[in-house]
**Student:** 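Below is one structure. I have some questions about it.
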Amino acid sequence: MKRWLQGLFASCCFITVAHAASSSLYFDTEFSGGQAPAGSAPWLVATFVDQAAPNAVRLTLDAAGFTGNENVLSTYFNLDPLLNSAQLSFTYAALSTGPAAAKITTGADCCKADGDGEYDIRFTFPSGGGFDAAETVVYDIVYSGLGTLSALSFNFLSAPAGGNGPFLAAAHIQNTGIGGGGSGWIAPVSVVPEPGTWMLMLLALGIIALRRRKN
């Protein structure tokens with residue numbers, strides 16, 4: 001499945017006008033049997049947008065669906081297996097309203113989400129209420145290795161290592177439930193490209209179909 005997605009997105013990126021892609025992940029499912037946030041899903045949204053500079057993507061994490069003292073402890077993302085996550089650099093953007101991550105960990109399948117699989121990138125936020133309800137955290141991500149980074153480079157499934165998933169991303173949340181003593185793990189059930197990206201994907205599929213017809 002992971003390789004199928006890789007092929008689809010690689011075909012799309014091949015014909016993409018530079019820096020045009022964007023996609024959003026909507027964290028709307030609690031998968032660990034823990035306590036989901038009290039508000040309406042999606043509780044957390046992660047949006048990747050291509051930037052003007054080559055191999056640069058802006059990530060915006062929006063916790064608009066949280067209420068009270070609910071907060072994000074950590075978020076997990078995957079990377080195109082053809083790219084090297086060790087060659088990513090992360091810059092906290094001043095327009096953020098939430099705190100910078102206390103630590104960012106990268107590595108192929110480096111980080112396991114409880115009850116799910118292994119991910120390539122983990123943002124760890126201050127414990128006890130750092131990244132709270134209605135806050136946003138923004139990072140500019142730059143890739144210095146071989147290959148091309150785009151917003152679609154993060155649309156890959158976690159490596160199997162648990163009874164749930166695989167998912168495109170995951171997040172560990174705290175202070176949920178009555179009294180704020182609960183916690184849980186949330187994930188998006190699917191990736192939602194922005195309208196412009198959908199058009200590019202459809203164009204890519206059309207070109208593939210035409211090539212097959214000519215052959």
**Student:** Is any side-chain heavy atom of Pro37 closer than 4.5 Å to a side-chain heavy atom of Ile173?
**Tutor:**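 Yes, side chains in contact.
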**Student:** In Å and rounded to the nearest 0.5 Å, what is the CG to OG distance from Leu83 to Ser150?
**Tutor:**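 Going from the CG atom of Leu83 to the OG atom of Ser150 covers 8.5 Å.
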**Student:** Rounded to the nearest 0.5 Å, what separates atom OG1 in Thr75 from atom NE2 in His172?
**Tutor:**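 These two atoms lie 12.5 Å from each other.
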**Student:** Phe154 and Phe48: aromatic ring centres closer than 6.0 Å?
**Tutor:**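 Centroid separation for Phe154 and Phe48: below 6.0 Å.
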**Student:** Let me see the working for Val189 and Phe27 under side-chain contact (heavy atoms from CB on, under 4.5 Å), right down to the final yes or no.
**Tutor:** CA-CA 7 Å; Val189 296; Phe27 292 71; over 6 Å; no
**Student:** If hydrophobic residues (ILVMFWY) are linked whenever their side-chain heavy atoms come closer than 4.5 Å, directly or via other members, who joins Trp185 in its cluster?
**Tutor:**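 Besides Trp185, the hydrophobic cluster comprises Phe31, Tyr76, Tyr119, Phe167, listed by chain and residue number.
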**Student:** Is a donor on one side and an acceptor on the other found under 3.5 Å between the side chain of Tyr143 and the backbone of Asn84?
**Tutor:**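 Yes, because the side chain of Tyr143 sits within donor-acceptor range (under 3.5 Å) of the backbone of Asn84.
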**Student:** State the CZ-SG distance between Arg122 and Cys110, to the nearest 0.5 angstrom.
**Tutor:**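 Interatomic distance, Arg122 CZ to Cys110 SG, rounded to 0.5 Å: 6.5 Å.
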**Student:** Has the side chain of Glu30 got a donor or acceptor atom that lies under 3.5 Å from a matching backbone atom of Gly33?
**Tutor:**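 Yes, Glu30 side chain to Gly33 backbone: donor-acceptor pair under 3.5 Å.
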**Student:** If you take all heavy atoms of Thr29 and Trp43, which pair is closest and at what distance?
**Tutor:**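 Closest approach of Thr29 to Trp43: N-CZ3, 3.5 Å.
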**Student:** Can you sort out the partners of Ser89 under side chain to side chain donor-acceptor pair (under 3.5 Å), two or more places apart, ordered by chain and number?
**Tutor:**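 Checked Ser89 against side chain to side chain donor-acceptor pair (under 3.5 Å); zero matches.
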**Student:** Under the side chain to side chain contact (heavy atoms under 4.5 Å, CB included) rule, collect the residues that match up with Thr67, sequence neighbours excluded.
**Tutor:**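 Testing Thr67 for side chain to side chain contact (heavy atoms under 4.5 Å, CB included), a comparison that skips the adjacent residues, returns Ala38, Glu70.
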**Student:** Under 4.5 Å between any side-chain heavy atoms of Phe77 and Leu59, yes or no?
**Tutor:**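 The answer is yes; the side chains approach within 4.5 Å.
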**Student:** Using modelled atom types only, decide if a donor and an acceptor are shared between the side chain of Asn175 and the backbone of Asn69 within a distance under 3.5 Å.
**Tutor:**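 The answer is yes, because a donor-acceptor pair under 3.5 Å joins these two groups.
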**Student:** Ala64: what forms a side chain to side chain contact (heavy atoms under 4.5 Å, CB included) with it, not counting sequence neighbours?
**Tutor:**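 Checked Ala64 against side chain to side chain contact (heavy atoms under 4.5 Å, CB included); matches are Asp62.
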**Student:** Only counting residues at least two apart or in another chain, list the ones meeting side chain to side chain donor-acceptor pair (under 3.5 Å) with Thr97.
**Tutor:**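 For Thr97, the residues satisfying side chain to side chain donor-acceptor pair (under 3.5 Å) (neighbours in sequence not counted) are Thr136.
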**Student:** When you check the side-chain N and O atoms of Thr176 and Gln174, is any donor under 3.5 Å from an acceptor?
**Tutor:**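 Thr176 vs Gln174: no donor-acceptor pair found between side chains.
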**Student:** Tell me, please, which residues at least two apart from Leu146 pass side chain to side chain contact (heavy atoms under 4.5 Å, CB included).
**Tutor:**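 If we apply the side chain to side chain contact (heavy atoms under 4.5 Å, CB included) test to Leu146, skipping adjacent residues, there are no hits.
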**Student:** Applying salt bridge (Lys or Arg N to Asp or Glu O under 4.0 Å), which residue pairs with at least one partner in residues 149-165 are found, sequence neighbours left out?
**Tutor:**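 Pairs touching residues 149-165 that pass the test: none.
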**Student:** Mind checking whether Ile186 and Ile121 sit in one hydrophobic cluster, side chains of I, L, V, M, F, W, Y counted as touching below 4.5 Å?
**Tutor:**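 Yes, it is one cluster - the side chains of Ile186 and Ile121 are joined through contacts under 4.5 Å.
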**Student:** Hey, does Asp109 have a side-chain heavy atom less than 4.5 Å from the side chain of Asp120?
**Tutor:**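 Yes, close enough: below the 4.5 Å cut-off.
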**Student:** I need the single residue from Asp50, Leu88, Leu149 that forms a side-chain contact (heavy atoms from CB on, under 4.5 Å) with Asn55. Which is it?
**Tutor:**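 For Asn55, the side-chain contact (heavy atoms from CB on, under 4.5 Å) test succeeds with only one of Asp50, Leu88, Leu149, which is Leu149.
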**Student:** Within a strict 4.5 Å, meaning less than it, do heavy atoms of the Glu118 and Pro160 side chains meet?
**Tutor:**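 Glu118 vs Pro160: side chains apart.
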**Student:** Using every non-hydrogen atom in the two residues, find where Ala170 and Asp116 come nearest and quote the distance to one decimal.
**Tutor:**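 Result for this residue pair: CB-OD2, 4.5 Å.
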**Student:** So, for Tyr26 and Pro42, which heavy atoms are closest and what is the spacing to 0.1 Å?
**Tutor:**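 Looking at all heavy atoms of both residues, the shortest contact is CD2-CG, 3.6 Å.
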**Student:** Taking only residues two or more places apart in sequence or in another chain, which ones pass side chain to side chain contact (heavy atoms under 4.5 Å, CB included) with Ala63?
**Tutor:**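 Listed in chain order: Leu44, Phe66, Phe131.
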**Student:** Taking all non-hydrogen atoms of both residues, which atom of Val57 and which atom of Ala151 are closest, and how far apart?
**Tutor:**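 Val57 and Ala151 have their closest heavy atoms at CG2-N, 3.7 Å.
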**Student:** Mind checking the OG-CD1 spacing from Ser85 to Ile104? Nearest 0.5 Å is all I need.
**Tutor:**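 Separation between the atoms: 12.0 Å.
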**Student:** Mind checking side chain to side chain donor-acceptor pair (under 3.5 Å) for Asp140 and listing every partner two or more places apart, or none if nothing turns up?
**Tutor:**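 So Asp140 forms a side chain to side chain donor-acceptor pair (under 3.5 Å) with Arg58.
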**Student:** Return the minimal non-hydrogen interatomic distance between Ala100 and Pro126, and the atom names on each side.
**Tutor:**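 Taking Ala100 first and Pro126 second, the nearest heavy atoms are O-CD, 3.8 Å.
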**Student:** With ILVMFWY side chains joined below 4.5 Å, transitively, what does Leu95's cluster contain besides itself?
**Tutor:**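 For the cluster that includes Leu95, the remaining residues are Val138.
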**Student:** Can you list the steps and then say if Ser23 with Leu152 is a side-chain contact (heavy atoms from CB on, under 4.5 Å)?
**Tutor:** CA-CA 7 Å; Ser23 65; Leu152 301 180; 4.3 Å; yes
**Student:** Got a sec, which residues hit side chain to side chain donor-acceptor pair (under 3.5 Å) with Gln35, two or more places apart in sequence or on another chain?
**Tutor:**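 Applying side chain to side chain donor-acceptor pair (under 3.5 Å) to Gln35 gives none.
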**Student:** Will you find, in the side chains of Asp132 and Asn71, an N or O donor that is under 3.5 Å from an N or O acceptor?
**Tutor:**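 No pair is found: no donor N or O on one side chain lies under 3.5 Å from an acceptor on the other.
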**Student:** Measuring from atom CG of Leu157 to atom CG of Asn78, what distance do you get when rounded to the nearest 0.5 angstrom?
**Tutor:**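 That separation rounds to 7.0 Å.
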**Student:** Just by distance, no angles: are the side chains of Thr47 and Ser24 close enough, under 3.5 Å, to form a donor-acceptor pair?
**Tutor:**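 Short answer, yes.
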**Student:** Considering only residues two or more places apart or on different chains, which pairs with a residue in residues 89-117 satisfy ring pair (Phe, Tyr, Trp, His ring centres under 6.0 Å)?
**Tutor:**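 Residue pairs passing ring pair (Phe, Tyr, Trp, His ring centres under 6.0 Å), neighbours aside: Phe90-Phe123, Tyr92-Tyr139.
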**Student:** When rounded to the nearest 0.5 angstrom, what distance separates CZ in Phe156 from CG in Leu79?
**Tutor:**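 Answer for the CZ-CG pair, Phe156 versus Leu79, is 8.0 Å.
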